[in-house]
Amino acid sequence: MADGSDTTLIETPEATLISGIKEFAAAHGGATAVIEYVGRRGARIVLVGTDGGWGDLVAPTTQVARAACEQAGVEVENGWERELVELMRPSNDLWRSMSKRTLAR
């Protein structure tokens, strides 16, 4: 309302990230995150579940990404450690899509 009495909750991007991270972790028995800077677009949060499933979200900045992971209770790795990469299980659809790509010279 114009007088400011409207109590509708507007989710911030950070709140949306936190809920998305929590949902992923709950669905996959826990999760670990790796945050990658992607330039002007912000930061990519790659979540790897303890069951090998993985997914990603995009945050406006790396600081927002780290804060969202911290508030969601998900550990953030500094990089792609061997154990974390070995845990990931790409889907068959992903393998098929990668096989159709060609490299340009």
Side-chain angles (χ1 to χ4, degrees):
M1 299 188 131
D3 64 359
S5 63
D6 187 8
T7 58
T8 304
L9 178 64
I10 299 173
E11 272 192 343
T12 62
E14 188 171 356
T16 303
L17 287 172
I18 294 167
S19 65
I21 294 167
K22 284 181 179 180
E23 286 175 19
F24 181 89
H28 296 277
T32 302
V34 176
I35 298 172
E36 301 172 334
Y37 176 70
V38 290
R40 292 183 188 168
R41 297 197 74 179
R44 179 179 181 211
I45 305 169
V46 182
L47 299 165
V48 181
T50 56
D51 64 353
W54 62 280
D56 61 351
L57 299 165
V58 177
T61 66
T62 56
Q63 292 84 5
V64 169
R66 285 191 179 280
C69 289
E70 182 180 320
Q71 290 181 2
V74 171
E75 179 185 354
V76 177
E77 290 288 332
N78 289 328
W80 288 102
E81 300 295 330
R82 180 176 158 218
E83 294 81 12
L84 187 60
V85 173
E86 288 177 348
L87 182 63
M88 293 177 76
R89 299 287 175 241
S91 68
N92 288 334
D93 292 336
L94 180 61
W95 285 116
R96 275 193 289 279
S97 72
M98 288 190 300
S99 70
K100 294 177 183 175
R101 295 184 182 146
T102 59
L103 299 176
R105 290 186 177 218

Search all heavy atoms of [X] against all heavy atoms of [Y] and return the closest pair with its distance.
X     : Y     : value
Val34 : Gly79 : CG2-O, 3.9 Å
Val38 : Ala43 : CG2-N, 3.8 Å
Val74 : Ala31 : CG1-O, 3.5 Å
Gly53 : Phe24 : O-CZ, 3.6 Å
Thr50 : Gly29 : OG1-O, 2.8 Å
Val64 : Pro60 : CG1-CD, 3.9 Å

Working to the nearest 0.5 angstrom, can you tell me the gap between Thr62 OG1 and Glu36 CD? 12.0 Å
Give, for atom CD1 of Ile35 and atom OG1 of Thr61, the distance between the pair rounded to the nearest 0.5 Å. 9.5 Å
Crowded around Gln71 CD? As in, over 12 foreign heavy atoms under 6.0 Å? yes
Considering only residues two or more places apart or on different chains, which pairs with a residue in residues 22-35 satisfy side chain to side chain donor-acceptor pair (under 3.5 Å)? His28-Asp51
Which residue pairs pass the ring pair (Phe, Tyr, Trp, His ring centres under 6.0 Å) test when at least one of the two sits in residues 30-52, sequence neighbours left out? none
Salt bridge (Lys or Arg N to Asp or Glu O under 4.0 Å) pairs touching residues 52-65, sequence neighbours excluded, are Arg44-Asp56
